[in-house]
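If you're wondering where the values come from, they're calculated on a predicted model, not measured in any experiment. Just so it is clear: chains get the letters A, B, ... in the order the sequence lines come, proteins before strands, and each one is counted from 1.
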2 protein chains.
Amino acid sequence: MDNSETLAAFSALSQQTRLDVFRLLVKAGADGVLSGEISDRLDVRQNTMSANLTVLLNAGLVRNERHGRTIRYFADFESLRGLLAFLMEDCCNGNPDICQLVIDEIACG
Amino acid sequence: MDNSETLAAFSALSQQTRLDVFRLLVKAGADGVLSGEISDRLDVRQNTMSANLTVLLNAGLVRNERHGRTIRYFADFESLRGLLAFLMEDCCNGNPDICQLVIDEIACG
DNA sequence: TCCATATATCATGAATAATTGATATATATA
DNA sequence: TATATATATCAATTATTCATGATATATGGA
C-alpha cells in the first residue's frame with residue numbers, strides 16, 4: 001500500500017454510501033454480498049451504487065466475482081491491512097504502548 | 001466513534017497534506033510537533049496548513065496544546081483506535097482468522 | 001504601549017466529486 | 001433470435017473541497 005493507494009482508499013471511505021457498503025462487506029466476510037442486494041439493503045439507486053462500487057474497486061478496498069448475471073462483492077482484507085500498516089508506520093518510535101492500545105481495540109471479540 | 005465522526009476522519013485523511021501530517025504525528029508519538037515545524041517540514045504555506053490542521057482537529061484525529069506563541073500538535077491515538085474499531089465492527093462473523101491477519105500487520109516491530 | 005512572531009479566519013476562484021436520467025452491455029432463458 | 005434481468009457507462013448539473021491573498025487574533029518582549 002503506497003501513498004496514492006492510501007489516499008484513494010481514505011477518499012473512498014469518506015462518503016456515506018461507500019462507508020456503509022464497506023462495513024457491510026466487512027461483516028459479510030468471505031460470503032460477500034451480491035451487487036443488487038447491496039443496493040436494496042442500503043436503499044441506493046442502481047447506477048449510483050454501481051458508481052460507488054467502482055470507486056471502492058479502484059481503491060482496492062473490495063473485489064468482485066461475476067456469477068452469471070450477478071456480481072458478488074467482497075471486502076479485500078489484504079488491502080485493508082496494508083492501509084492500516086501504512087497509517088501506523090513507525091508508530092512505535094519511543095512508545096510501543098500507544099500502538100498496542102490501537103491494536104487491542106480491533107482484536108476480535 | 002460514530003458514523004459521522006468516522007466519515008469526518010476518513011475525509012480528513014483523504015487529502016495529501018493531511019495524510020502526511022497525520023503520519024508525521026503518528027511517528028512523533030507523545031512528543032508531538034509544533035505547528036510551524038509541521039509547515040516547514042512538509043513545505044506547505046502557513047495558512048493552508050492551519051486550515052488543514054483545523055480539519056484534522058475537527059475530525060478528532062489530532063489534538064493540540066498551546067505553549068506561549070507556539071502550538072504543539074499530537075496524533076490522537078484514542079480516536080484512531082475508535083475509528084478502526086468502527087470499521088472492523090463484527091468483522092469476525094464466521095471467520096476470525098481474516099480479522100487476525102489485519103491485526104498482525106499493524107503489530108509493532 | 002508598540003512591534004514582532006505564531007497561528008487562525010475570511011472571501012474567492014479553480015478544481016473535484018456526487019447524483020441523476022438515459023442508455024449501453026452482458027448474461028440467461030424462452 | 002427475442003426478451004428480461006443485472007450491472008455499467010455517459011453527459012450534465014449541482015455540490016463540495018482546495019489553495020490562496022489578505023487580514024485578524026494571540027502572545028511575548030522591548
Exercise for the section: Please check if Phe22(A) and Leu7(B) belong to a single hydrophobic cluster, counting links between Ile, Leu, Val, Met, Phe, Trp and Tyr side chain heavy atoms closer than 4.5 Å. Expected result: yes
Handout entry: Min side-chain heavy-atom separation Leu56(A)-Val21(A) under 4.5 Å
Key = yes
Exercise for the section: Could you state whether Leu57(A) and Phe10(A) fall into the same hydrophobic cluster, counting links through intermediate Ile, Leu, Val, Met, Phe, Trp or Tyr residues with side-chain heavy atoms under 4.5 angstrom apart? Expected result: yes
Practice task
Keeping to residues at least two apart or across chains, list the salt bridge (charged side-chain N to carboxylate O under 4.0 Å, His left out) pairs with something in residues 28-42 of chain A.
Solution key: Glu37(A)-Arg41(A)
Exercise for the section: Identify, residue by residue, the members of residues 65-77 of chain B with a heavy atom below 4.0 Å from DNA chain C, and return them in order of residue number, or none. Expected result: Arg69(B), Thr70(B), Ile71(B), Tyr73(B)
Problem - Set of side chain to side chain donor-acceptor pair (under 3.5 Å) partners for Asn47(B), sequence neighbours left out - result: none
Completion exercise
Under a 4.0 Å heavy-atom cutoff, the residues of residues 54-63 of chain A touching DNA chain C are none
Handout entry: Heavy-atom check, side chain of Leu53(B) versus side chain of Ile71(B), under 4.5 Å
Key = no
Fill in the blank from the handout: As its Watson-Crick or G-U partner within any shown strand, both distances under 3.5 Å, dA30(C) has dT1(D)
Are there any protein N/O atoms within less than 3.5 Å of an N/O atom in nucleotides 20-22 of chain C, and if so, which ones and at what distance?
residue : atom : partner  : partner atom : Å
dT20(C) : OP2  : Thr48(A) : OG1          : 3.3
dG21(C) : OP2  : Arg45(A) : NH1          : 2.7
dG21(C) : N7   : Asn47(A) : ND2          : 2.9
dG21(C) : O6   : Asn47(A) : ND2          : 2.7
dA22(C) : N6   : Asn47(A) : ND2          : 3.1

Practice task
Give me the residues of residues 3-22 of chain A where at least one heavy atom lies under 4.0 Å from an atom of DNA chain C, by number, or none.
Solution key: Gln15(A), Arg18(A)
Practice task
Provide the start and end nucleotides, 5' to 3', of the part of DNA chain D that has atoms under 4.0 Å from heavy atoms of chain A.
Solution key: dA4(D) to dT9(D)
Exercise for the section: Compare all side-chain heavy atoms of Asn3(B) with those of Gln16(A) and state whether any distance is below 4.5 angstrom. Expected result: yes
Handout entry: salt bridge (charged side-chain N to carboxylate O under 4.0 Å, His left out) partners of Arg45(A), counting only residues at least two apart
Key = none
Practice task
Would you mind reporting whether Leu25(A) and Leu61(A) have side-chain heavy atoms less than 4.5 Å apart?
Solution key: no
Problem - Pairwise salt bridge (charged side-chain N to carboxylate O under 4.0 Å, His left out) hits with a residue in residues 4-20 of chain A, at least two apart - result: none
Practice task
Sequence neighbours left out, what pairs pass side chain to side chain donor-acceptor pair (under 3.5 Å) with at least one residue falling in residues 59-69 of chain B?
Solution key: Asn64(B)-Tyr73(B), Glu65(B)-His67(B)
Practice task
Would you check if the side chain of Ser50(A) reaches a backbone N or O of Gln46(A) as a donor-acceptor pair within less than 3.5 Å?
Solution key: no
Exercise for the section: Check DNA chain D against residues 34-42 of chain A and give the residues with a non-hydrogen atom under 4.0 Å, in numerical order. Expected result: Ser35(A), Gly36(A)
Problem - Donor-acceptor contact present, side-chain Ser14(A) to main-chain Ser11(A), <3.5 Å - result: yes
Handout entry: side chain to side chain donor-acceptor pair (under 3.5 Å) partners of Asp43(A), counting only residues at least two apart
Key = none
Exercise for the section: State whether the side chain of Ser79(B) and the backbone N or O of Gly60(B) hold a donor-acceptor pair below 3.5 Å, judged by distance alone. Expected result: yes
Exercise for the section: Indicate, with yes or no, if Val55(B) and Leu24(B) share a hydrophobic cluster defined by side-chain heavy-atom contacts under 4.5 Å among Ile, Leu, Val, Met, Phe, Trp and Tyr. Expected result: no
